[in-house]
Amino acid sequence: MKAVRFHEFGDSEVLRFEDVDRPVPGAGQVLVRVAATSFNPVDDHIRAGVLAEMIPISLPYVPGIDVAGTVAELGADVTSVRVGDRVVAMLPLDSAGGAAEYVLASAEYLAPAPATIDLVDAAALPLTGLAAWQTVFELAELKPGQTVLVNGAGGAVGALVVQLAVELGAHVTAVDVPQNADRLRSYGAHRVVGPLDLAAGPDAVGGPFQVVVNHVRVAPAELAQLAAYIADGGVAASTAGPIPEDPARGVRSASLWVRSDAAQLSELVARVDAGKLRLHVADRRPVAELAAVHADAGAGRVTGKIVVLAP
């Protein structure tokens, strides 16, 4: 079968589109015929070796943490899915493997794929959806009626945070570039504003807020300025570096390390099928062009979620 692999850490040029052996499922495993994976920024960090100590991997490595596809073969003791089922999963970061014709996945990671969207587009859901879910419900512990500021609301995770928060009944202020404003309003955001002028302070955007969710990577000094946007007793949840806590005001801070969770993923799929959660796919690229996708990301040319189509 065909797959993209890298045999050493480095820039995007280490990615090779090559022939590899088709894997065989062991006990508890499922062989999935991949329809698509997607690009996530962490893919770039893993390939470059930046996370080698935090995420030890074996080389050669097939990137692609997200997978959407069809069950092709079952290993022993697998009863939760059947051959032919359409599934989605977030694969373990230390083994991944979605950028290939076939991938092995533990049955415990699999959730039914959404029935109302193309299977390839479903690859945009697992990691970003789980990151959004865990941010909203675990880190922020968001409650109906609370005020929430989402900084970087137009991104792959931020857009899902906005939608989950709106569904929950929170009052959402979405912050992003003007070209995303109409889309954010369509998600139900109560207020949409351009990039934050941190020097202007929270009053300029209707704050402070009971919850601040940050997806914009900025300098530590700017993260510290975001602390002023959190109301007394509030919480900051960030995927882009920690916002300092302020115990004197009862302000706590939480950072996300997303994990695979099939039950949560199933909840997200149900919301997609019910029309309560929309995925925004900016582009669809063949897996043979994955090195170019990584190069574009490194040069700052990736501005939305890219789905990567299997061979």
Q: Backbone N or O of Val83 within a donor-acceptor pair of the Glu73 side chain at under 3.5 Å?
A: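 Not at all, since once roles are kept as given, no pair shorter than 3.5 Å links the two residues.
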
Q: Taking all heavy atoms of Ala227 and all of Arg249, pick out the closest pair and write down the distance.
A: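 The pair with the smallest heavy-atom distance is O-NH2, 3.0 Å.
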
Q: Could you check whether any side-chain N or O of Arg22 sits under 3.5 Å from a backbone N or O of Val103, counting only pairs where one atom can act as donor and the other as acceptor?
A: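 Answer holds: no.
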
Q: Is a donor from one side chain sitting under 3.5 angstrom from an acceptor on the other, for Gln29 and Glu108?
A: no

Q: Do Glu18 and His7 have side-chain atoms, one donor and one acceptor, less than 3.5 Å apart?
A: yes

Q: I'd like to know whether Thr173 forms a side-chain contact (heavy atoms from CB on, under 4.5 Å) with Thr147, so could you lay out the CA-CA distance, the side-chain angles of the two residues, the decisive distance to 0.1 Å, and finally the verdict.
A: CA-CA 8 Å; Thr173 295; Thr147 57; over 6 Å; no

Q: Taking the six-membered ring for Trp and the single ring otherwise, decide whether the centroids of Tyr61 and Phe6 are under 6.0 Å apart.
A: yes

Q: Looking at Gln179, I want to see if its CD is surrounded by more than 12 non-hydrogen atoms of other residues, nucleotides or ligands under 6.0 Å.
A: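 Buried by this count: over 12 neighbours within 6.0 Å.
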
Q: Does His215 form a side-chain hydrogen bond (donor to acceptor under 3.5 Å, both in side chains) with Thr239? I'd like the steps, not just the answer.
A: CA-CA 5 Å; His215 300 297; Thr239 62; 2.8 Å; yes

Q: Report yes or no: does Gln163 contribute a side-chain atom to a donor-acceptor pair with the main-chain N or O of Arg278 at less than 3.5 Å?
A: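 It does hold such a pair.
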
Q: Got a donor-acceptor contact below 3.5 angstrom from the Asp261 side chain to the Gln264 backbone?
A: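 A pair under 3.5 Å: yes.
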
Q: Tell me whether Asp121 contacts the main-chain N or O of Asp118 through its side chain, where contact means a donor paired with an acceptor under 3.5 Å.
A: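 It does not hold such a pair.
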
Q: Please find the pair of heavy atoms, one from Leu139 and one from Ala237, that lie closest to each other, and give the distance.
A: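 Closest pair (atom of Leu139, atom of Ala237, distance): CB-CB, 4.0 Å.
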
Q: Would a distance-only check, ignoring hydrogens and angles, find a side-chain to backbone donor-acceptor pair under 3.5 Å from Arg5 to Leu15?
A: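 No; zero donor-acceptor contacts below 3.5 Å.
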
Q: Less than 4.0 angstrom from a charged side-chain N to a carboxylate O is my criterion; do Arg284 and Glu289 meet it?
A: no

Q: Could you tell me whether a side-chain N or O of Asp66 sits under 3.5 Å from a main-chain N or O of Leu127, the two making a donor and an acceptor?
A: yes

Q: Taking all heavy atoms of Val62 and all of Ala99, pick out the closest pair and write down the distance.
A: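 Scanning both residues completely, I find the closest heavy atoms to be CG1-O, 3.7 Å.
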
Q: Looking at every heavy atom in both Ile65 and Thr37, which two are closest together, and how far apart are they?
A: N-OG1, 4.0 Å

Q: Would you tell me whether Ser38 and Lys305 have side-chain atoms, one donor and one acceptor, within less than 3.5 Å of each other?
A: yes

Q: Is the count of non-hydrogen atoms from other residues, nucleotides or ligands lying under 6.0 Å from Lys276 atom NZ greater than 12?
A: no

Q: Are more than 12 heavy atoms from other residues, nucleotides or ligands located less than 6.0 Å from atom CZ of Arg301?
A: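 Above 12, so yes.
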
Q: Compare every heavy atom of Ala123 with every heavy atom of Ala36, then report the nearest pair and how far apart it is.
A: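 For Ala36 versus Ala123, the nearest heavy atoms are O-CB, 3.5 Å.
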
Q: For the atom pair CD (Gln210) and NE2 (His171), what is the distance rounded to the nearest 0.5 Å?
A: 11.0 Å

Q: When you compare the side chain of Leu110 with that of Val30, does any pair of heavy atoms fall below 4.5 Å?
A: yes

Q: Does Asp176 use its side chain to pair, donor to acceptor, with the backbone of Gly154 at less than 3.5 Å?
A: yes

Q: Between Leu142 and Val213, does a side-chain contact (heavy atoms from CB on, under 4.5 Å) hold up when you go through it step by step?
A: CA-CA 11 Å; Leu142 189 64; Val213 178; over 6 Å; no

Q: To the nearest 0.5 Å, tell me how far Leu51 CG sits from Leu93 CG.
A: 8.0 Å

Q: Among Leu198, Ile243, Val216, find the residue that satisfies the side chain to side chain contact (heavy atoms under 4.5 Å, CB included) test when tested with Leu223.
A: Ile243

Q: Between the side chains of Asp273 and Thr116, is a donor N or O closer than 3.5 angstrom to an acceptor N or O?
A: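 Side-chain D/A pair, Asp273 to Thr116: present.
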
Q: Determine, for Glu13 against Arg47, whether the closest basic-nitrogen to carboxylate-oxygen distance falls under 4.0 angstrom.
A: no

Q: Check the surroundings of atom CG in Asp21: do more than 12 heavy atoms from other residues, nucleotides or ligands lie under 6.0 Å from it?
A: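 No, not enclosed.
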
Q: Counting distance only, does the side-chain N/O of Glu138 pair as donor-acceptor with the main-chain N or O of Thr135 below 3.5 Å?
A: no

Q: Just by modelled atom types, is the Ala199 backbone N or O under 3.5 Å from a matching donor or acceptor in the Asp197 side chain?
A: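 Checking the backbone N and O of Ala199 against the side chain of Asp197, a donor-acceptor pair under 3.5 Å is found.
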
